S.K.: 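Structure incoming, see below.
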Amino acid sequence: MKGLLLNALLGLGLGRFGSVWWLLMFLPIVAVELAYGVSVYHLNMHACIRRGAALLVCGELAFLLGALMRPLRGET
């Protein structure tokens with residue numbers, strides 16, 4: 001749950017204030033979260049794939065939501 005919350009908040013912030021290329025920042029973050037899960041919780045390969053997919057999807061959807069929250073050029 002902490003990983004999903006972290007990715008959602010990070011995705012909202014990056015989508016709102018960052019460029020599209022910052023979306024690639026999720027790959028090393030998810031890799032570190034999976035390594036943590038393997039070392040602490042002793043996850044097997046199937047659990048890592050499911051957890052990694054859930055973390056990536058959560059982060060990317062939050063990024064898109066953050067991008068939708070950007071002000072339009074004529075509004076500011």
Side-chain angles (χ1 to χ4, degrees):
M1 285 307 265
K2 291 181 283 187
L4 288 174
L5 180 64
L6 170 73
N7 283 5
L9 293 176
L10 186 66
L12 281 172
L14 290 178
R16 174 77 166 93
F17 302 111
S19 69
V20 175
W21 292 106
W22 287 10
L23 186 62
L24 296 175
M25 189 181 287
F26 283 110
L27 293 177
I29 291 171
V30 168
V32 168
E33 289 172 343
L34 288 179
Y36 174 77
V38 167
S39 65
V40 173
Y41 301 115
H42 306 293
L43 298 177
N44 60 9
M45 185 59 115
H46 296 292
C48 283
I49 291 172
R50 284 193 313 262
R51 187 176 184 142
L55 290 170
L56 274 176
V57 167
C58 177
E60 290 174 1
L61 289 176
F63 184 89
L64 291 174
L65 182 64
L68 288 174
M69 291 179 0
R70 289 183 189 164
L72 296 175
R73 292 178 193 232
E75 288 182 0
T76 56

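All values derive from a computational prediction rather than experimental measurement.
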S.K.: Assess whether side chain to side chain contact (heavy atoms under 4.5 Å, CB included) is satisfied between L55 and I29, documenting all intermediate values.
M.R.: CA-CA 9 Å; L55 290 170; I29 291 171; over 6 Å; no
S.K.: Please find the pair of heavy atoms, one from R16 and one from R70, that lie closest to each other, and give the distance.
M.R.: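 Where R16 meets R70 most closely, the heavy atoms are O-CG, 3.5 Å.
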S.K.: With hydrophobic residues grouped by side-chain heavy-atom distances under 4.5 Å, do L34 and L4 end up in a single group?
M.R.: yes
S.K.: For L56, run the side chain to side chain contact (heavy atoms under 4.5 Å, CB included) check against L61, V30, N7 and tell me which one passes.
M.R.: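 Single pass found, and it is V30.
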S.K.: Stepwise, does the side chain to side chain contact (heavy atoms under 4.5 Å, CB included) test hold for L23 with L14?
M.R.: CA-CA 8 Å; L23 186 62; L14 290 178; over 6 Å; no
S.K.: Restricting to non-hydrogen atoms, name the atom on A62 and the atom on A8 that form the minimum distance, rounded to 0.1 Å.
M.R.: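 Here A62 and A8 meet closest at CB-O, 3.4 Å.
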S.K.: What side-chain donor-acceptor pairs closer than 3.5 Å can you find for residues 38-48, not counting sequence neighbours?
M.R.:
residue, atom, partner, partner atom, Å
S39, OG, A35, O, 3.2
S39, OG, Y36, O, 3.1
N44, OD1, A47, N, 3.0

S.K.: How long is the span from the CE atom in M25 to the CG atom in L10, to the nearest 0.5 Å?
M.R.: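 The CG atom of L10 is 7.0 Å from CE of M25, to the nearest 0.5 Å.
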